[in-house]
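Report on the following structure.
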Amino acid sequence: MRPDTPAENVDHTAEAARLERTAGLYPEDAEALLLRAAAHLELSGDRPTATTLYDRLLSSPDGLENPHLVRALKASNLWEYGHEAEARAIIDGVRGASPKDPAPWVIVAESLESHDELEAAHETFTEAVHRLLTDVEEPPYATHPLLFGRHRVRRMLGKTHDEWDALADSVHSLPITLDELHDPKRVWSLGSENPAELEAEILRLRAELGAYREALSRPFPVAILHWPAAELTELLEAYPSLSTEYPSHADHLVSIEQSLRELSSSGTPNLGIVTGTVPSYEAFAASELSSPTDPTLLPQYATTLAARGRAVAWPPQQGAACWCGSGRTYGECHGHRA
């Protein structure tokens, strides 16, 4: 389903069932696929079944890549159909765990905001930006909703601008300012007979629609393919002709970081890294009726992994482990600048 498909043209129950079947075929991608299935169930109004899916993920014996995200989504869903006490307990747990991924923070803060818990939402947004963006030179794209959400809640609370609001303004790219978009006294003028008021409101709505479309147009990052040392060795032993693409593992790692920095400096947002395995790559080549020796398959394989939710955002958050698997922090490893 295209992300811009009108909701009235989507059978959300059928789409959820399709994604569950796909998760059975690709167990390594079950987490991302079942989260999408749960989202469709929520949109269909079947929130109890969505909760069942979240519980199924949380009870997975293999563990999850992002359990805090699943818990945050479960809490938000529970609150929407009357389970406020349980939702609040889960939200407190997510905040206490202090995840390094911005998505759980955004979900729990917006859940609080949507239920008029503005002070709690403000505390959550503020805690998140302090933990994830302190001493960060350039806020990653994934953290922008934290800054925008905090700005919005502060406007509703009547708070004056601070340094984080200024940072939100600096990464906001739409023609309508954040102050205007988040103005709590904003007059909804679509029923007005004043042409000037009507035109001003249409401009605001267009700006908001542009922001939503921009977010929906990024279902997965622009991803670079990463091979761990053992996987690369196995790949080159099986397909020696690919050594022209990968002269050595060290060169491969340097090339990844350089490519991502070049993309970032050129203004490309929402960058990520996907990690390949030889069996997965061979299966992908077979599905494309092609040979694994074809180097043009490599970027296609990376895009497919990203589309299945396998991408890790780049650059890593402050203090997070480096993407290369060295065990050191990103700042000590590939994030180090001479």
### Task
Could you tell me whether a side-chain N or O of His249 sits under 3.5 Å from a main-chain N or O of Ala229, the two making a donor and an acceptor?
yes
### Task
First locate atom CG of Leu253, then atom NE2 of His334, and finally report the distance between them rounded to the nearest 0.5 Å.
4.5 Å
### Message
Would the distance check show the side chain of Ser255 and the main-chain N or O of Asp251 forming a donor-acceptor pair, the cut-off being under 3.5 Å?
### Response
no
### Summary
Distance col, row Ile224:CD1 vs Thr275:OG1, nearest 0.5 angstrom, shows 12.5 Å
### Task
Measure from the side-chain N and O atoms of Thr134 to the backbone N and O of His130, and report whether any donor-acceptor pair falls under 3.5 Å.
yes
### Message
Please tell me whether His144 and His172 form a close aromatic pair, meaning their ring centres lie under 6.0 Å apart.
### Response
no
### Query
In terms of hydrophobic clusters joined by side-chain contacts under 4.5 Å, are Leu57 and Leu69 together?
yes
### Query
Ser44 and Asp46: side-chain hydrogen bond (donor to acceptor under 3.5 Å, both in side chains), yes or no, with the steps?
CA-CA 6 Å; Ser44 75; Asp46 191 358; 5.2 Å; no
### Task
Kindly compute the distance separating CG (Leu236) from OG (Ser241), expressed to the nearest 0.5 Å.
9.0 Å
### Task
Report yes if some heavy atom in the side chain of His115 is under 4.5 Å from a heavy atom in the side chain of Arg88; otherwise report no.
no
### Query
If we only count heavy atoms from C-beta on, is the Arg56 to Glu20 side-chain gap below 4.5 Å?
yes
### Task
Would you kindly confirm whether Leu43 and Leu35 end up in one hydrophobic cluster when ILVMFWY residues are joined by side chain heavy atoms under 4.5 Å apart?
no
### Worked check of side chain to side chain contact (heavy atoms under 4.5 Å, CB included) between Glu113 and Leu118
CA-CA 5 Å; Glu113 178 189 353; Leu118 297 184; 4.1 Å; yes
### Query
Hey, does the side chain of Ser264 reach the backbone of Leu260 with a donor-acceptor pair shorter than 3.5 angstrom?
no
### Task
Return the minimal non-hydrogen interatomic distance between Leu225 and Gly276, and the atom names on each side.
CD1-N, 3.9 Å
#### Entry: Beyond-backbone contact of Val94 with Ile91, side-chain heavy atoms, under 4.5 angstrom
no
### Task
Ignoring hydrogens and angles, tell me if any N or O in the side chain of Ser76 forms a donor-acceptor pair with the backbone of Leu73 under 3.5 Å.
no
#### Entry: Selection residues 165-179 - residue pairs positive for salt bridge (Lys or Arg N to Asp or Glu O under 4.0 Å), sequence neighbours left out
Arg150-Asp165, Arg154-Asp165, Arg155-Asp179
#### Entry: NE2 on His40 to CG on Asp11, rounded to 0.5 Å
10.0 Å
### Task
Could you pull out the closest heavy-atom pair between Cys333 and Cys324, with the gap in Å?
SG-SG, 3.6 Å
### Message
Using side-chain heavy atoms (C-beta onward) and a distance below 4.5 Å, is His226 in contact with Val274?
### Response
no
Ignoring hydrogens and angles, write down the donor-acceptor pairs under 3.5 Å from the side chains of residues 22-31, residues two or more places apart or on other chains.
unit_1, atom_1, unit_2, atom_2, d
Thr22, OG1, Arg18, O, 2.9
Glu28, OE2, Arg308, NH2, 3.2
Asp29, OD1, Arg310, NE, 3.3
Asp29, OD2, Arg308, NE, 2.3
Asp29, OD2, Arg308, NH2, 2.7
Glu31, OE1, Glu65, N, 2.7
Glu31, OE2, Asn66, N, 3.0

### Query
What's the verdict on side chain to side chain contact (heavy atoms under 4.5 Å, CB included) for Leu78 and Lys74, showing C-alpha distance, side-chain angles and the deciding distance?
CA-CA 6 Å; Leu78 283 169; Lys74 178 183 175 182; 3.9 Å; yes
### Message
Starting from Ile256, can I reach Leu305 by hopping between I/L/V/M/F/W/Y residues whose side chains sit under 4.5 Å apart?
### Response
no
### Query
Can you pull the ring-ring contact (aromatic ring centres under 6.0 Å, His included) pairs that have at least one residue in residues 275-308, sequence neighbours excluded?
Trp227-Tyr281, Tyr281-Tyr301, Phe284-Tyr301
### Query
Which pair of heavy atoms, one from Ala223 and one from Ala306, lies closest together, and at what distance?
CB-CB, 3.9 Å
#### Entry: Tyr330 with Val254, same ILVMFWY side-chain cluster at under 4.5 Å
no
### Message
Rounded to the nearest 0.5 Å, what separates atom OG1 in Thr293 from atom CG in Leu242?
### Response
6.5 Å
### Message
Side chains of Glu80 and Glu42, heavy atoms from C-beta outward: is any pair under 4.5 Å?
### Response
no
### Query
Looking at residues at least two apart in the chain, or sitting in another chain, which of them share a ring pair (Phe, Tyr, Trp, His ring centres under 6.0 Å) with His68?
none
#### Entry: Residue list, side chain to side chain donor-acceptor pair (under 3.5 Å) with Ser287, at least two apart or on another chain
none
### Heavy-atom pair of closest approach, residues Pro145 and Phe125
O-CE2, 4.1 Å
### Task
Carefully, step by step, assess Val106 and Leu146 under the rule side chain to side chain contact (heavy atoms under 4.5 Å, CB included).
CA-CA 6 Å; Val106 172; Leu146 289 174; 3.5 Å; yes
### Query
Are Tyr239 and Asp294 close enough that some pair of their side-chain heavy atoms sits under 4.5 Å apart?
no
### Task
Might you work through the side chain to side chain contact (heavy atoms under 4.5 Å, CB included) test for Trp79 and Leu112, ending with a clear yes or no?
CA-CA 9 Å; Trp79 203 335; Leu112 290 164; 3.8 Å; yes
### Query
Can you tell if the side chain of Trp314 reaches within under 4.5 Å of the side chain of Arg261, non-hydrogen atoms only?
yes
### Task
Check whether any side-chain N or O of Ser280 sits under 3.5 Å from a backbone N or O of Thr277 as a donor-acceptor pair, and report yes or no.
no
### Query
Rounded to the nearest 0.5 Å, how far does CD of Gln300 lie from OG1 of Thr304?
7.0 Å
### Query
In terms of hydrophobic clustering (I, L, V, M, F, W, Y; side-chain heavy atoms under 4.5 Å; direct or indirect links), are Ile107 and Leu64 co-clustered?
yes
### Summary
Heavy atoms of Leu235 and Val278 approach each other most closely as N-CG2, 3.7 Å
### Query
Minimum heavy-atom separation for Asp101 to Pro104, with atom names?
O-CD, 3.1 Å
### Task
State, with a plain yes or no, whether a side-chain heavy atom of Tyr54 is found less than 4.5 Å away from one of Asn77.
yes
### All pairs passing salt bridge (Lys or Arg N to Asp or Glu O under 4.0 Å) where residues 224-250 contributes a residue, at least two apart
none
### Task
Take Glu127 and Trp105 through the side-chain hydrogen bond (donor to acceptor under 3.5 Å, both in side chains) test and state the conclusion after the steps.
CA-CA 9 Å; Glu127 183 181 357; Trp105 289 104; over 6 Å; no
